[in-house]
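Notes follow once the structure below has been shown.
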Number of protein chains: 2
Amino acid sequence: MRISTELLKGVLEGIILQRIDAGINYGYEITKNLRDFGFEDLAEGTVYTILVRLEKNELVDVEKRKSEMGPMRKFYQLNQAGKERLNLFWQHWDFLINKMTELRKEN
Amino acid sequence: MRISTELLKGVLEGIILQRIDAGINYGYEITKNLRDFGFEDLAEGTVYTILVRLEKNELVDVEKRKSEMGPMRKFYQLNQAGKERLNLFWQHWDFLINKMTELRKEN
DNA sequence: TTCATCTATTCTGTAATACTATGTAGTGGT
DNA sequence: ACCACTACATAGTATTACAGAATAGATGAA
C-alpha cells in the first residue's frame, strides 16, 4: 500500500528509532527491513537523511565497521537520549491513536 | 498533551474532514471543538489554511451564512470527492496503525 | 582485464505541511 | 468608548520525506 507521504512525517523517525533499538543497526538493512515490512515505497535516501539527523541531534552512537560484503557500514545504537526520545514518541503515538479512535466514533 | 507537530502532518487534514462530516461545519467551531478534544495547542491559523486547501482541492462545498454573533461564517460540507478522500484517509490510517503495532511488538 | 551487479552511503534540491504572528471585522455588554 | 468574543485570512518560517544522482567497495562472469 502506498500511503500518503505526509502521513509518515514524524512517524518515520520513530519507526527508525524503534528499528535501531530492535537490532537493525545500519541504513541499508533498515531500508530493506522496512520495505519488506510493508513500506514498499520507502526511499533509501529518506532513511539516510533521518539517520544523519539522529546523529546530529545526538540520539545515537555511531561506529564504522567493515562489511562482509561491499563498503563500510555505519552502525547505529540508541544512547540514553535516543531511548528517551523513542519512549516519548510512543507516548505521543498512543495519545494520537486514542484521540483518533474517539474522533472516529463520533459519527 | 503537546504532541510533536510533525506527527500531525497528514493527520490533521483527515481530522478536519472527519469533523466536517460529523457536522462541525465552520472554522471557528472546528478549532474550538478540536481544542476541547485534546489538541489544546492547535492554532486557529492552521485550521483555516487547511480549510482553504480543502476548498482549493474541491473536496468541500462552501456556503456563507450569517452568524448570530460576529461576522459571516463559512459553512463547509464534504462533496463526493471529499467523502472519498476521508475514506482513503482512514484506509491509510488503518494500514499505518497496523504496521506500527506489529513493529512495536518486534522487541 | 572489463563490465555488470549488489552492497552501502552521501548530498542537492523540491514540495507539502503545520505553526507563528499578525491583521481585519462584526456583535454585544458594561 | 472600551473590551471580550466571534470569525476569517495570510505572509513568512521550519521541518520533513522524497526524487535523483553521485560515489565507492566487493564479487563474479565474460
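Labels below follow one simple rule: chain letters A, B, ... track the order of the sequence lines, proteins then strands, and each chain is numbered from 1.
- Open room surrounds CD on B:Gln77; 12 or fewer heavy atoms of other groups in view lie less than 6.0 Å from it.
- For B:Arg35, the side chain to side chain donor-acceptor pair (under 3.5 Å) test picks out no residue, with sequence neighbours left out.
- Heavy-atom neighbours of A:Arg85 CZ from other residues, nucleotides or ligands within 6.0 Å: at or below the threshold of 12.
- By the side chain to side chain donor-acceptor pair (under 3.5 Å) test, A:Lys74 is found to be paired with A:Glu55, residues two or more places apart in sequence or in another chain being considered.
- Of the candidates B:Ile15, B:Leu42, B:Leu51, B:Ile50, B:Ile30 forms a side chain to side chain contact (heavy atoms under 4.5 Å, CB included) with just one, namely B:Leu51.
- Listed in residue order, the members of residues 62-76 of chain B having a heavy atom less than 4.0 Å from DNA chain D are B:Ser67, B:Met69, B:Pro71, B:Met72, B:Arg73, B:Lys74.
- Nucleic acid contact for B:Ala43: base, since at least one base atom lies under 4.0 Å from a heavy atom of the residue.
- B:Ile50 comes within 4.0 angstrom of sugar-phosphate atoms only, judged by non-hydrogen atoms across all strands, and of no base.
- Across all strands, B:Leu42 comes closer than 4.0 Å only to sugar-phosphate atoms, never to a base (heavy-atom distances).
- Counting only heavy atoms from C-beta on, A:Leu8 has its side chain closest to D:dC18 among D:dC8, D:dC18, D:dT16.
- At the heavy-atom level, B:Gly27 lies under 4.0 Å from the strands shown only through sugar-phosphate atoms.
- A sub-4.0 Å separation between OP1 or OP2 of D:dT6 and a side-chain N or O of B:Tyr28 is present.
- A:Glu44 comes within contact range of at least one nucleobase, with a heavy-atom separation under 4.0 Å.
- With hydrogens and angles ignored, no donor-acceptor pair closer than 3.5 Å exists between the side chain of B:Lys9 and the base of D:dA17.
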